[in-house]
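Owing to the predicted nature of the structure, the values given are computational and were not obtained by experimental measurement. Below, read A as the first sequence line, B as the second, and so on, with proteins coming before strands; counting in each chain starts at 1.
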2 protein chains.
Amino acid sequence: MTLMKDKIVSLADKLIRVKGFNAFSYKDIADPLSVKNAAVHYHFPSKADLGIAVVMGEMQRFQHNTRLWRQLPEDEQLAHLFDVFRRHCHAGNVCLMGSLAPDYETLTPPMQEKINEMAEAIVEWVTAVLENGRKNKRLHFKGAAGDRALLVISNLQSSLLLARVMGTDTFDRISRQLLEDLRS
Amino acid sequence: MTLMKDKIVSLADKLIRVKGFNAFSYKDIADPLSVKNAAVHYHFPSKADLGIAVVMGEMQRFQHNTRLWRQLPEDEQLAHLFDVFRRHCHAGNVCLMGSLAPDYETLTPPMQEKINEMAEAIVEWVTAVLENGRKNKRLHFKGAAGDRALLVISNLQSSLLLARVMGTDTFDRISRQLLEDLRS
DNA sequence: TTGCTTACTTACTAGTAAGTAAGTATTTTG
DNA sequence: CAAAATACTTACTTACTAGTAAGTAAGCAA
């Protein structure tokens, strides 16, 4: 767990969320950390390696968070997820999926694969929470839980994108509506 | 109405939707059209000029379509909009907003401005359709029409992104769910 | 037919991209 | 204490980027 390695991943994560994967360079990482671009290549030989590390970092945070929330009622677990996105919104970030999906066709197959894994992990978790929440009468919706999960994720992702163009209250308007729909 | 100029815009539109604005170059446009990159610069001095032309083209198509649909019942107007997105989905495209929003911070202010205009035009139209549809009992939903419009647009946008990563049926699952929610 | 405009090409610049080979200082290990 | 691994730097390459300056061929206009 080198310090520098973590700093590189963390900065790359931020750059992907703010500028997009194809719009940042190794220089954008090396300069703020006061190292040379070759130092970044030492830790991550190719840009795809760095991209994969960023996605894996996000997956670990997601797993860590959802474990912390496991004991809570399902509507509160969902509210916590919304809150993660809200914080990103106010930091001017979009979510990793929202940033990487448009660039998907320009990425290497191994990186595409990691993005697929991340997407499936999130869908799986939201589906389970919705399904259990409906059983416990804490959440109410029509149709299959899997389909509804896609709708929820799609909204969270896209409201961050819209918020960037139309202002941060866009996120709150969408997510409030969405959470109210599920609670009543 | 030069032929070449239209071909350039049309190809740029496709490239933005498939690879993203920062991932294509003038060469990607010049080569398939069998001209030199300077020819592209002749028509569009800077890449931002080209980007603006693409956004304006999309706005014109949107205006043209919505005018054609004006006489239809609101739920059918909405279904037509969904269909435009469905066709993009099956062509492997994401929508312009979905592609340009992640890159927003890397774009020039004039181009950001044009994207804002496009977003506002779409939100305005969907809001009006939802509002009228609720009056005519053809659409049913809770909350403000403007908030609901954001939710609808957010879903259309994001389901194209998710479809790219998780397969095209993702789009259909989300949009069916969404349209059923509004119709019942 | 002279002159202007349109739509390019040719040939180039300056800058930046990812990536690498070889060297070095520092720490770790047998 | 010597060897080897770690974490870099220096210096470089190759390839591509947006963008430009100058020239040209074809068509139209007075």
For this session: Compare side-chain N and O positions of A:His43 against OP1 and OP2 of D:dC8 and report whether any pair is under 4.0 Å apart.
Result: yes
Exercise. Between A:Lys5 and A:Phe44, is NZ or CZ placed under 6.0 angstrom from the six-membered ring centre and within 45° of the ring axis?
Worked result: yes
Between protein and nucleic acid, restricted to nucleotides 13-18 of chain D and to nitrogen or oxygen atoms under 3.5 Å apart, what atom pairs and distances do you find?
{"unit_1": "D:dT17", "atom_1": "OP1", "unit_2": "B:Ser25", "atom_2": "OG", "d": "3.0"}
{"unit_1": "D:dA18", "atom_1": "OP1", "unit_2": "B:Phe24", "atom_2": "O", "d": "3.3"}
{"unit_1": "D:dA18", "atom_1": "OP1", "unit_2": "B:Lys47", "atom_2": "NZ", "d": "3.4"}
{"unit_1": "D:dA18", "atom_1": "OP2", "unit_2": "B:Tyr26", "atom_2": "N", "d": "3.0"}

Exercise. Does A:Tyr42 have a side-chain nitrogen or oxygen under 4.0 Å from the phosphate oxygens OP1 or OP2 of D:dA7?
Worked result: yes
Exercise. Any luck finding a side-chain donor-acceptor pair between B:Ser10 and B:Asp13 under 3.5 Å?
Worked result: no
For this session: Write down the distance between CD1 (A:Ile29) and P (D:dC8), rounded to a whole number of angstrom.
Result: 14 Å
Problem set entry | First of A:Lys36 and B:Ala38 reached from the 5' end of DNA chain D, by closest nucleotide | A:Lys36
Problem set entry | Gap between atom CZ of B:Arg176 and atom CG of B:Leu178 - 0.5 Å precision | 12.0 Å
Exercise. How long is the line joining NZ of A:Lys7 and P of D:dA7, in whole Å?
Worked result: 13 Å
Seminar exercise, completed: Rounded to the nearest 0.5 Å, the NZ atom of B:Lys27 sits from the NZ atom of B:Lys36 at a distance of 9.0 Å
Exercise. Of all residues at least two apart in sequence or in a different chain, which pass the ring-ring contact (aromatic ring centres under 6.0 Å, His included) check with A:Tyr104?
Worked result: none
Problem set entry | Ring-face cation of B:Arg86 near B:Phe171 (centre distance under 6.0 Å, axis angle within 45°) | no
